[in-house]
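Input: a single structure, listed below in structure tokens.
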Number of protein chains: 2
Amino acid sequence: MSDLNQLKKEFDEVSDFLIALGDEKRQAIIITLLQANSCKGLRVIDLTDATELSRPAVSHHLKILKQVGLIELHSEGTKNYYSLSHKTTEIDKLKKLLNHVTEIMGKSVETK
Amino acid sequence: MSDLNQLKKEFDEVSDFLIALGDEKRQAIIITLLQANSCKGLRVIDLTDATELSRPAVSHHLKILKQVGLIELHSEGTKNYYSLSHKTTEIDKLKKLLNHVTEIMGKSVETK
DNA sequence: TTCAATGGTTTAAAATATTAAACGTTAGAG
DNA sequence: CTCTAACGTTTAATATTTTAAACCATTGAA
């Protein structure tokens, strides 16, 4: 039973991450960032070119991706360089939840 | 490079699953189904009670969850019993993608 | 200090997703 | 056959997300 409260909490914690990751445009941004594995990262302008989104749209999606810890930025003057975060905290959380779910799904098979 | 096309494809394949899983209401349905690990499954009415959603809303979310293969139903007369699918295909796909991503993220650290 | 470059933010519009009400369908009881 | 229970579907309304246009702030160059 506290098993399920735990699960509810886990789901709650990855909700924003799932939503962030589910969007096609944001996936395009992520892939572009993965692709350009430059240490410096990419700027908004670079991403508007690569994804065919307007600058405000890119900015918006970057904000969402940053909020869930998927990307990070460092600024040099007025220039902002975005890159994928090296921390995989959220990804690990999600993996753990998926394992948790399949585990319970497995259990319920045997429980008649 | 085909690494990234592959990744793009993988993302595309789990998009709907991520969206399905990201929604709070659908999470509630999933948790309710996990909770009631009866072999028979639960009916729409049971789920409206448990989730405080209207019947059409539950019906709608169940449809989405079914489309991504998370749940299955078997009918007895006019009664439909929904339960979590025993196949973890989609979950496995997502796990694989997450591993793929962290792997590439790791690589890009060393790539100067 | 003035100007151009960079990019975040705000507001309003457009697109999409969610919900509810009304309706249709099917199965079984009487 | 008729009535009811169970539940999906369609349509219209509502809410939320996404986008674009216009605006603002900051940095650095001249």
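Excluded from the calculations below are hydrogen atoms, water molecules and symmetry mates; all remaining heavy atoms, backbone and side chain alike, are included. Naming: A, B, ... by sequence-line order, numbering from 1 per chain.
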Counting only side-chain nitrogens and oxygens, does Asn80(A) get under 4.0 Å of the OP1 or OP2 atom of dG8(C)?
yes

dT10(C) P sits how many Å from Lys63(A) NZ, rounded?
7 Å

Just compare dG8(C), dT19(D), dT9(D) and give me whichever is closest to any side-chain atom of Tyr82(A).
dG8(C)

Taking CG from Asp16(B) and C1' from dA17(C), how many angstroms apart are they, rounded to a whole number?
13 Å

Is any side-chain nitrogen or oxygen of Ser54(B) closer than 4.0 Å to OP1 or OP2 of dT19(C)?
no

Is Ile30(B) linked to Ile45(B) within one hydrophobic cluster, defined over Ile, Leu, Val, Met, Phe, Trp and Tyr using a side-chain heavy-atom separation of less than 4.5 Å?
no

To the side chain of Ile64(B), which of dT18(C), dT6(C), dG7(C) is closest?
dT18(C)

Base, sugar-phosphate alone, or nothing: which one does Tyr81(B) contact when heavy atoms must sit under 4.0 Å apart?
nothing

Please determine, for the side chain of Leu53(A), which listed nucleotide (dT19(D), dT18(D), dG8(D)) has the closest atom?
dT19(D)

Output the single nucleotide from dT26(C), dT6(C), dT9(D) whose closest atom is nearest the side chain of Thr78(B).
dT26(C)

Can Leu33(B) and Leu65(B) be said to form a side chain to side chain contact (heavy atoms under 4.5 Å, CB included), step by step?
CA-CA 12 Å; Leu33(B) 289 177; Leu65(B) 291 172; 5.7 Å; no

So what does Arg43(B) hit on the nucleic acid, given a heavy-atom distance under 4.0 Å: a base, only sugar-phosphate, or nothing?
sugar-phosphate

Taking CD1 from Ile71(A) and C1' from dG8(C), how many angstroms apart are they, rounded to a whole number?
14 Å

Compare side-chain N and O positions of Arg55(B) against OP1 and OP2 of dA21(C) and report whether any pair is under 4.0 Å apart.
no

Could you give me the CA-CA distance, side-chain angles and deciding distance for Glu76(A) and Lys40(A), then say whether salt bridge (Lys or Arg N to Asp or Glu O under 4.0 Å) is met?
CA-CA 10 Å; Glu76(A) 289 181 14; Lys40(A) 268 211 149 184; 3.4 Å; yes

What's the closest nucleotide to the Lys25(A) side chain, out of dA20(C), dT19(D), dA6(D)?
dT19(D)

Distance in angstrom units between His61(A) NE2 and dA15(C) P, rounded:
15 Å

In whole angstroms, how far is the P atom of dA5(C) from the CG atom of Asp46(A)?
16 Å

Specify the separation, in whole Å, of atom NZ of Lys40(B) and atom C1' of dA6(D).
14 Å

Would you compute the distance between atom CZ of Phe17(B) and atom CD1 of Ile64(B) and round it to the nearest 0.5 angstrom?
13.5 Å

What is the distance from CZ of Arg26(A) to P of dT17(D), rounded to the nearest Å?
10 Å

Consider only side-chain heavy atoms of I, L, V, M, F, W and Y, link residues closer than 4.5 Å, and tell whether Ile104(A) and Tyr82(B) are in one cluster.
yes

In whole angstrom, what separates Asp23(B)'s CG from dT16(D)'s P?
12 Å

What nucleic acid atoms does His60(A) come within less than 4.0 Å of, heavy atoms only: base, sugar-phosphate, or nothing?
base

With respect to the side chain of Ser59(A), which nucleotide from dG8(C), dC7(D), dA20(C) is positioned closest?
dG8(C)

